[in-house]
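The chain is numbered in sequence order, starting from 1. What you see is a predicted model, and the numbers here were worked out from it, not measured in a lab.
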Amino acid sequence: MANVISDETIEYVGILAKLELTEEEKEQAKKDMGRMLDYVDKLNELDTDGVEPMSHLFPINNVFREDEVVNGDDHENMLLNAPEKKENTYMVPKTFA
């Protein structure tokens, strides 16, 4: 089945894509879009019954690990280096008046 793309469709796509196409580019785009739609029509002829849909070509598994605290809360040792501290926090000079 040959898909015929109209001049209006090419103009509209050009406007959406913000492209200024020459007449030759418009003709080439019509042919290219027609070929793409023909290919989609060909794919639609395939029997896909029993074929599980997939979102990726390769199997994707979550590779993230669970967050686990391994070094514990060592704030007491960290505060030993603080020049000033207040209620288990670092005291720093004011930066705004």
Side-chain angles (χ1 to χ4, degrees):
M1 171 190 302
N3 286 292
V4 178
I5 307 298
S6 69
D7 291 335
E8 292 81 21
T9 300
I10 293 298
E11 287 290 330
Y12 183 64
V13 170
I15 291 168
L16 290 177
K18 298 185 183 203
L19 296 174
E20 292 182 27
L21 301 173
T22 65
E23 287 305 315
E24 290 118 16
E25 290 171 328
K26 288 178 185 177
E27 287 303 314
Q28 186 60 46
K30 283 171 45 175
K31 291 177 189 172
D32 291 343
M33 289 177 80
R35 282 198 307 266
M36 284 187 266
L37 292 175
D38 288 342
Y39 185 69
V40 169
D41 286 342
K42 186 75 171 166
L43 290 175
N44 283 332
E45 294 174 12
L46 293 174
D47 179 18
T48 57
D49 290 339
V51 177
E52 181 128 359
M54 60 185 203
S55 60
H56 297 284
L57 184 59
F58 302 106
I60 302 288
N61 297 320
N62 185 356
V63 295
F64 299 110
R65 61 172 170 74
E66 292 295 323
D67 287 336
E68 295 177 22
V69 177
V70 293
N71 60 351
D73 181 12
D74 200 22
H75 73 278
E76 291 168 1
N77 283 332
M78 288 187 281
L79 285 172
L80 292 175
N81 294 321
E84 291 185 57
K85 55 188 166 194
K86 178 181 176 184
E87 298 177 12
N88 292 326
T89 61
Y90 290 98
M91 291 289 295
V92 295
K94 268 188 180 181
T95 55
F96 294 100

Any residue meeting salt bridge (charged side-chain N to carboxylate O under 4.0 Å, His left out) with K18, in chain and number order, not counting sequence neighbours: none
Residue list, side chain to side chain contact (heavy atoms under 4.5 Å, CB included) with L21, at least two apart or on another chain: I10, L19, E25, K26
Pairs meeting criterion side chain to side chain donor-acceptor pair (under 3.5 Å) with involvement of residues 75-85, two or more places apart: D73-H75, D74-N77
Hydrophobic cluster identity match, F58 and M54, side-chain contacts under 4.5 Å: yes
Y12, OH atom: more than 12 neighbouring heavy atoms under 6.0 Å: no
Hydrophobic cluster membership, Y39 vs M33, 4.5 Å side-chain cutoff: no
Carboxylate-amine/guanidinium contact D32 R35, below 4.0 Å: yes
Side chain proximity check, I5 to L37, heavy atoms < 4.5 angstrom: yes
K30 vs D7 side-chain heavy atoms within contact, under 4.5 Å: yes
